[in-house]
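As the structure is a computational prediction, the values presented were derived from the model and not from experiment. Residue numbers begin at 1 in each chain, while the letters A, B, ... track the order of the sequences.
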There are 2 protein chains.
Amino acid sequence: MRLIALTSRAPWDVARLRRSVQKAAGRNFAPCATCGRADRICPMPSEAMLHERRPVAPHSGHAHAPDPLLARKLDYHQPLSRLERDVLAKALSLDVRTVQQRTILLEQGAAATKLAVMLDGWACRQKTLPDGRRQIVAFYLPGDVCDFSVLMAPAIDSTIELLPGARVAGISRDALGMLNRSQPRITRGLWWESQAAAAIQREWMINIGQRGARARIAHLICEIVTRLDAVGLMKHGRCALPITQADLGDACAMTTAHTNRTLRQLRDEKLISWRDNVLEVPDREALSAAAAFSAAYLQLSGAEEGALLALEL
Amino acid sequence: MRLIALTSRAPWDVARLRRSVQKAAGRNFAPCATCGRADRICPMPSEAMLHERRPVAPHSGHAHAPDPLLARKLDYHQPLSRLERDVLAKALSLDVRTVQQRTILLEQGAAATKLAVMLDGWACRQKTLPDGRRQIVAFYLPGDVCDFSVLMAPAIDSTIELLPGARVAGISRDALGMLNRSQPRITRGLWWESQAAAAIQREWMINIGQRGARARIAHLICEIVTRLDAVGLMKHGRCALPITQADLGDACAMTTAHTNRTLRQLRDEKLISWRDNVLEVPDREALSAAAAFSAAYLQLSGAEEGALLALEL
DNA sequence: CGCATGGTTGAGCGGGCTCAAGGTGAGTGG
DNA sequence: CCACTCACCTTGAGCCCGCTCAACCATGCG
């Protein structure tokens, strides 16, 4: 009979925290995705855009908002117009929350009323057994939508926890309804996103169920790196990794101790290095090989526009 | 380093198969869900119903089709009208396929064009690693929708295999589009279904990752029993279980040998009995206790009508 | 009969867990 | 400036659950 793996979950190392918060704060206006300039504050689209459906208006110079990372992901499925980007940015700007420590966004069993979208930082979705064992079932990275079931399920089935430095936007049901009516291509993209998330869940099942410890950790890291890369957050093989070894272990269904040993092994093999919340992958090919990783399930390759179909609600 | 678990996957016991096929064939017109009588063949709704949106017409006596099991599941979320049931039954009757042996419905990497709905029998969704290890990531029971990503993903990320005796309906994109336009409440229910499926995936991750062998098997059986019960397929604590021990093992990420031993243990404890593809659970309470099972994640409790929101496509 | 499929059982081992201790670096309070 | 705390990382010794390998059995079909 297995016993409890008591990995303490408490506040966070405050020093590193400050750093990541500072970093996040410095990015209020990222460089314009279209022209690359960040020297001027872009006016946000008017709230009216959420309500009315109208043709794409050509924009003059810098007069648009910075693209949210979610837009980048939607682009993989169906490229968005300037207007659509702006409307999405507007919708994501109405209700933003930043946390500095680990914070429960939604407790297991609670009823949610908003769709949560990660703007920056990470969140993790976890389930806890009565005996204290914990399984992380998903990591939500910048640009990810946290939970779709939120919109219809009477109660959420797992806890969503924001990690230090996370910034989330909430979209109310009403706002989403309007978005749905005025910009159906955006909500169509959300539907796709939800299916992509399901595919990731399935791959995690293989990871936990079938792979050995080394491949398991390596595979998860490959996935994270690829997903971060898709939203432009990998810089020279490095990225922020605001989680603890205990988190990584719980995501891979491994003990903290064994996770540590496995990470050490990967480090000794020069496949990764991970210090101070910064992950570096010097050779992605090698790591992918160690994990037998194939990015196909992430569905970042895009598809032809006409192939899309989603269900109205 | 783990090595290959070579559990052979080949055709099926054809004798039992015949039986189940016969059984399925005998049910072309199940007893009417409304009045319980099956003595008269109900005319199917006209194809026109798929196209036009019109008010619910009162039906005279027996003049309606048998409800598909999918309708029962949708009822848990939002009760369907008579017309909606009939239209759904019609849509599910246009393209039906019955298999007698294990049959690949969709190969990993293929592009699907139809939404598949289980009418009868089981299917399982699985991923296979290069080294031959297999993970079953989902069982699809009668009334379940097989794959939602099918509608948009360029290629499916896992293989869907029909088990002997399965009967599936295919809904083409066009038909689904019409259904969406004429009966939006049905497609809204499908969206819900997809989220319920995601919740099941998450619970499986806990199962595989955190529970010991006994609880793992027991939990999966509890889930199956509960899901079958939800569509009325549990009779006096018994149900059909058209899978092998190897399947059950692969779903729980366990070896066939160990699955067998664990089943034996459960049998010795009088928690289950399983012979000739018939599972019997004499004491569901006891089994649930052994598995620490709670059915909340299955979302079969229903929700208030107004709380629903889904995304158009 | 032979063969295929699936279920059953045993012997042995090893990967990952448990338990336990120590190490490190950043706050914090004197 | 120091001692102390707290959160996280690291490492070691030992053991057990579940895996591997290898039979054998039961049943049904050609």
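Of the candidate nucleotides C:dC17, C:dT9, D:dG18, C:dC17 has the atom nearest to the side chain of A:T255. Listed candidates were D:dT20, D:dG18, C:dG16. Nearest to the side chain of B:A213 is D:dG18. Side chain of A:Q245, nearest nucleotide from D:dC9, C:dT9, D:dG18: D:dC9. Listed candidates were C:dG7, C:dA11, D:dA13. Nearest to the side chain of B:T244 is C:dG7. If you check D:dC19, D:dT11, C:dG7 against the side chain of B:N260, the one that comes closest is C:dG7. Closest to the side chain of A:R133, out of C:dT18, D:dC19, C:dG16, is C:dT18.
On a pure distance criterion of 3.5 Å, no polar donor-acceptor pair joins the side chain of B:R214 and the base of D:dG18. No N or O donor and acceptor, one from the side chain of A:R275 and one from the base of C:dT24, sit under 3.5 Å apart.
Distance, A:L263 CG to D:dC8 C1': 13 Å, rounded to whole Å. D:dG18 atom P lies 16 Å from atom CD1 of A:I208, rounded to whole Å. Taking atom NE2 on B:H258 and atom C1' on D:dC16, their separation rounds to 11 Å, with Å as the unit. For the pair B:D268 CG and C:dT8 P, the interatomic distance rounds to 11 Å; values are reported in whole Å. As a whole-Å value, the separation of A:M254 CE from C:dT18 C1' is 14 Å. Nucleotide C:dG16 holds its C1' atom 9 Å from the CZ atom of A:R216, rounded to whole Å. Between the P atom of C:dT18 and the CD atom of B:Q210 lies a distance of 10 Å, rounded to the nearest Å. One can place CG of A:D276 at 12 Å from C1' of D:dC9, the figure rounded to the nearest angstrom.
An angle of 30°, rounded to 10°, separates the two end axes of the helix from C:dC1-D:dG30 to C:dG30-D:dC1, each defined over five pairs.
Checked for salt-bridge contact, B:D157 and B:R125 meet the test: a charged N lies under 4.0 Å from a carboxylate O.
For B:R284, the CZ atom is densely surrounded, since the number of other residues' heavy atoms within 6.0 Å is greater than 12.
Taking the six-membered ring where tryptophan is involved, the planes of A:W204 and A:F139 are perpendicular, since the angle between them exceeds 60° and thus also 30°. Aromatic ring pairs are classed by plane angle as parallel below 30°, tilted from 30° to 60° and perpendicular above 60°; the pair B:H219 and B:Y297 is parallel.
Between A:R264 and the phosphate of D:dT11, there is a side-chain N or O to OP1/OP2 separation shorter than 4.0 Å. The shortest distance between the side-chain N/O atoms of A:R267 and the OP1/OP2 oxygens of D:dT10 is below 4.0 Å.
In this structure, A:L279 and A:V225 have side chains that are in contact, with non-hydrogen atoms separated by less than 4.5 Å.
The side chain to side chain contact (heavy atoms under 4.5 Å, CB included) test with A:R134 singles out one residue from A:L129, A:T128, A:T159, and that residue is A:T128.
Between the side chains of A:D247 and A:T244, at least one donor-acceptor pair of N or O atoms lies under 3.5 Å.
By the side-chain hydrogen bond (donor to acceptor under 3.5 Å, both in side chains) test, B:Q245 pairs with B:N260, sequence neighbours left out.
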